[in-house]
Amino acid sequence: MDTNFSLGLVEVSGLGHAIIMLDDMLKAGDVEFVATERKLGGRLVTIVVKGDLPSVKSSVDAGVARAKQCGDKIYKASQVIARPHPEIFPFLHLNEDDAPKVNTESAGTHVGAVGGTADEAVKKPAPKRRTRTKKQTDENK
């Protein structure tokens with residue numbers, strides 16, 4: 001794998017903040033989003049981008065600026081790695097052979113174990129909701 005590129009990492013608290021920050025990062029420089037790492041149930045998120053050194057620097061700067069705009073405690077850390085050593089690629093899943101199998105889920109709809117396909121999830125009927133009748137409501141008063 002060619003190592004004539006740089007990596008930029010920015011860590012923030014909150015998945016929502018990470019998505020907003022990533023949008024600014026991708027707009028600020030000619031970089032490619034390559035990885036995300038979520039810890040503590042999404043409360044701590046690291047975004048990794050790849051590109052030439054000036055683009056990665058401007059992208060990371062934009063991400064840090066956006067994270068700091070979101071609040072005092074949102075921004076956690078950032079780093080730019082020029083010409084990263086190939087031995088860190090498996091850690092970041094930058095080689096296609098090392099990439100984990102993607103297990104996707106729709107935001108806001110996942111409860112319990114993830115399994116099956118998105119098509120299977122759409123086909124499942126929504127659970128029936130129990131509604132109270134006026135009589136049941138009056139009896140509870």
Side-chain angles (χ1 to χ4, degrees), residues 1-134 136-141:
M1 180 179 228
D2 178 31
T3 59
N4 195 20
F5 62 88
S6 298
L7 294 175
L9 299 89
V10 183
E11 187 172 69
V12 296
S13 64
L15 182 59
H17 294 118
I19 293 169
I20 293 167
M21 179 190 70
L22 176 60
D23 182 56
D24 281 3
M25 290 175 73
L26 295 173
K27 290 175 181 176
D30 185 22
V31 295
E32 175 187 351
F33 169 62
V34 293
T36 183
E37 182 77 24
R38 295 188 323 182
K39 295 292 181 187
L40 303 173
R43 290 183 301 226
L44 194 60
V45 182
T46 304
I47 299 292
V48 183
V49 295
K50 171 183 168 182
D52 62 83
L53 185 58
S55 295
V56 169
K57 282 184 176 181
S58 65
S59 178
V60 167
D61 289 345
V64 168
R66 171 57 80 176
K68 288 181 177 179
Q69 281 180 344
C70 290
D72 293 338
K73 297 181 180 181
I74 302 302
Y75 170 73
K76 300 299 180 189
S78 62
Q79 188 66 50
V80 173
I81 304 171
R83 295 179 295 111
H85 194 280
E87 289 186 21
I88 70 169
F89 297 162
F91 178 74
L92 296 171
H93 306 294
L94 292 179
N95 290 334
E96 290 182 20
D97 297 337
D98 298 325
K101 292 184 179 174
V102 177
N103 197 358
T104 61
E105 60 186 72
S106 298
T109 60
H110 173 67
V111 177
V114 177
T117 65
D119 291 335
E120 290 172 352
V122 172
K123 291 178 186 175
K124 291 181 183 177
K128 293 184 179 181
R129 299 180 93 180
R130 291 180 37 183
T131 58
R132 292 184 177 194
T133 64
K134 184 174 185 333
Q136 288 172 329
T137 305
D138 292 339
E139 289 174 358
N140 291 337
K141 287 184 181 180

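Because only heavy atoms are used, hydrogens play no part in the values below, and waters and symmetry mates are left out as well, while side chains stay in. The chain is numbered in sequence order, starting from 1.
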Check: Mind checking whether Val80 and Leu53 have side chains closer than 4.5 Å, heavy atoms only?
Finding: yes

Note to self: Measuring only between side-chain heavy atoms, which start at C-beta, is Ile81 closer than 4.5 Å to Leu9?
What the structure shows: yes

Check: Where do Val60 and Ser78 come nearest, in terms of heavy atoms and distance?
Finding: CG1-CB, 3.9 Å

Next item on the list: May I ask you to test the Val49-Leu7 pair for a side-chain heavy-atom distance under 4.5 Å?
Entry: no

Check: Do Val12 and Lys76 pass the side chain to side chain contact (heavy atoms under 4.5 Å, CB included) test, and can you show the C-alpha distance, the side-chain angles, and the key distance before you say yes or no?
Finding: CA-CA 5 Å; Val12 296; Lys76 300 299 180 189; 5.5 Å; no

Next item on the list: Identify the two heavy atoms, one from Ala82 and one from Ser6, that lie closest to each other, and give their separation to 0.1 Å.
Entry: CA-OG, 3.4 Å

Using residues 62-74 as the side-chain source, report each donor-acceptor pair under 3.5 Å to any protein atom, sequence neighbours left out, with the distance given to one decimal.
| from | atom 1 | to | atom 2 | distance (Å) |
| --- | --- | --- | --- | --- |
| Arg66 | NE | Asp24 | OD2 | 2.6 |
| Arg66 | NH1 | Gln69 | OE1 | 3.3 |
| Arg66 | NH2 | Asp24 | OD2 | 3.1 |

Margin query: Looking at every heavy atom in both Pro84 and Phe5, which two are closest together, and how far apart are they?
Written below: CD-O, 3.2 Å

Acceptor/donor pairs from residues 25-33 side chains to any protein atom, 3.5 angstrom cut, sequence neighbours excluded:
| from | atom 1 | to | atom 2 | distance (Å) |
| --- | --- | --- | --- | --- |
| Lys27 | NZ | Asp23 | OD2 | 2.9 |

Checklist line | Step-by-step side chain to side chain contact (heavy atoms under 4.5 Å, CB included) determination, Glu11 to Leu44 | finding: CA-CA 7 Å; Glu11 187 172 69; Leu44 194 60; 3.9 Å; yes

Notebook entry, point to check: Got a second to check how far Leu15's CG is from Arg38's CZ, nearest 0.5 Å?
Noted result: 5.5 Å

Notebook entry, point to check: Do Lys50 and Val56 come close enough that some side-chain heavy atom pair is under 4.5 Å?
Noted result: no

Check: Within a strict 4.5 Å, meaning less than it, do heavy atoms of the Ser13 and Tyr75 side chains meet?
Finding: no

Note to self: Restricting to side-chain contact (heavy atoms from CB on, under 4.5 Å), what partner residues turn up for Asp52, sequence neighbours left out?
What the structure shows: Pro54, Ser55

